[in-house]
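Count residues from 1 along the sequence. Predicted model, so just to flag it, every value in this text is computed and none were measured.
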Amino acid sequence: MRNLFGPVSLLKNLIGLKRSYNRRLNSFIYELVPEIRTNFHGELTYAAGIWEKVNWKLFDIVGIDHYRALYNKKAYLQQLQSYKRNGKPLAVTEFGCCTYQGADDKGAMGWAIVDWSLPKPRLKGTFIRDENVQANYLIELLNLFETENILGAFAFTFCSYNYFFSEDPAYDLDMAAFGIVKSISENITGSNDRLPWLPKKAFYILGKYFWRSV
């Protein structure tokens, strides 16, 4: 992962150089898919990162983990539509947002505001908790996916259990979590023995969104 997301690797992706890992990935997929189909007879897809160039001819559904952030906000729709050129149904296999002001601009990197090196992990600086940011992000993209006739979309994620919510903003790791519910300890108001989490606004917003289409 360090090699993949290191400065040199990111620069190579940016300028469009062919990457050797894509060749190895597709060679592996070419061997793997026939084996899968001997035991699984449903439709097959793969949840690809945007840096992966997959041979989609081997699959029934194109799958892409596709986060919107500041760097790709203007090109996000165009990027999404480019995957539809494969002539197969498209599923967004991962998208989501954290729970603080500015998290929508960070997209998939919204989690990177926690200092885990400390005995008691805390946020790297001052951040403002905002559940509306997460809820609005999810609904905006779901509406876009619906307009674009996307086959399906998977919001990331239900709960990030090691990102505990705290009433102290400095230690509220849930701000850096993609979960639509917040992971809580037993001393938090509203907690109980049955559920180690409490709903966030996104939990209710997503529920209403999908309920209307039932």
Side-chain angles (χ1 to χ4, degrees), residues 1-69 71-73 75-98 106-112 116 137-138 141-142 144-163 176-181 183 202 206 209-210 213:
M1 294 298 287
R2 279 196 300 269
N3 289 338
L4 184 61
F5 293 107
V8 174
S9 181
L10 292 175
L11 180 60
K12 289 180 178 178
N13 286 341
L14 184 64
I15 62 179
L17 292 180
K18 290 184 177 181
R19 309 303 306 278
S20 61
Y21 62 72
N22 281 312
R23 184 176 64 254
R24 298 196 302 273
L25 170 65
N26 282 291
S27 294
F28 175 68
I29 289 174
Y30 186 80
E31 295 178 7
L32 184 65
V33 167
E35 296 296 325
I36 293 174
R37 291 198 185 277
T38 62
N39 296 288
F40 177 73
H41 305 293
E43 293 182 307
L44 198 62
T45 189
Y46 169 72
I50 59 174
W51 57 88
E52 295 176 318
K53 307 301 180 185
V54 176
N55 179 5
W56 293 110
K57 293 180 181 179
L58 300 173
F59 296 97
D60 304 295
I61 299 167
V62 175
I64 182 70
D65 294 354
H66 199 30
Y67 289 78
R68 189 185 68 186
Y71 80 92
N72 72 343
K73 193 169 186 177
Y76 185 83
L77 176 58
Q78 183 180 358
Q79 292 172 344
L80 189 69
Q81 291 172 335
S82 69
Y83 288 98
K84 297 169 70 176
R85 296 179 193 142
N86 291 280
K88 297 187 177 184
L90 171 63
V92 177
T93 44
E94 192 176 304
F95 74 106
C97 181
C98 295
K106 295 187 177 181
M109 295 302 296
W111 56 270
W116 293 100
Y137 179 101
L138 292 174
L141 290 191
L142 282 171
L144 175 63
F145 300 154
E146 190 171 9
T147 300
E148 291 297 312
N149 295 314
I150 301 303
L151 178 65
F154 297 83
F156 181 77
T157 183
F158 180 72
C159 187
S160 302
Y161 286 100
N162 60 326
Y163 286 72
F178 289 88
I180 61 171
V181 300
S183 180
L206 285 180
Y209 182 91
F210 286 108
S213 58

Of the non-hydrogen atoms in [X] and [Y], which two are nearest, and what is the gap between them?
X: Y21; Y: W51; result: OH-O, 3.2 Å
X: P89; Y: L151; result: CB-CD2, 3.8 Å
X: E148; Y: K84; result: O-NZ, 2.8 Å
X: F154; Y: T93; result: CB-O, 3.5 Å
X: G179; Y: S160; result: N-OG, 3.8 Å
X: L25; Y: Y46; result: CD1-OH, 3.9 Å

If only atom types and distance count, is the side chain of [X] paired as donor or acceptor with the main-chain N or O of [Y] below 3.5 Å?
X: N55; Y: N26; value: no
X: Y209; Y: L142; value: yes
X: K106; Y: C98; value: no

If I take atom [atom1] from residue [X] and atom [atom2] from residue [Y], how far apart are they, to the nearest 0.5 angstrom?
X: Y163; Y: S183; atom1: OH; atom2: OG; answer: 11.5 Å
X: L206; Y: F158; atom1: CG; atom2: CZ; answer: 11.0 Å
X: L80; Y: I50; atom1: CG; atom2: CD1; answer: 12.0 Å
X: T157; Y: F178; atom1: OG1; atom2: CZ; answer: 10.0 Å
X: L77; Y: L144; atom1: CG; atom2: CG; answer: 5.5 Å

Side chain to side chain donor-acceptor pair (under 3.5 Å) with E43: which residues, sequence neighbours excluded? none
Can you name the one residue among F156, Y67, F145 that meets ring-ring contact (aromatic ring centres under 6.0 Å, His included) with F95? F145
Under the salt bridge (Lys or Arg N to Asp or Glu O under 4.0 Å) rule, what pairs show up with a residue in residues 46-69, not counting sequence neighbours? R37-D60, R68-E140
Name all residues meeting the side-chain contact (heavy atoms from CB on, under 4.5 Å) criterion together with L32; count only those two or more places apart in sequence or in a different chain, and write none if there are none. F28, I36
Audit row: F59, V54, side chain to side chain contact (heavy atoms under 4.5 Å, CB included) steps and yes/no: CA-CA 10 Å; F59 296 97; V54 176; 3.9 Å; yes
Over 60° means perpendicular and under 30° means parallel, so classify the ring planes of H66 and Y76, tilted if in between. parallel
Quick check: are there more than 12 heavy atoms from other residues, nucleotides or ligands sitting under 6.0 Å from OH of Y30? no
Between I180 and L138, is any pair of side-chain heavy atoms under 4.5 Å apart? yes
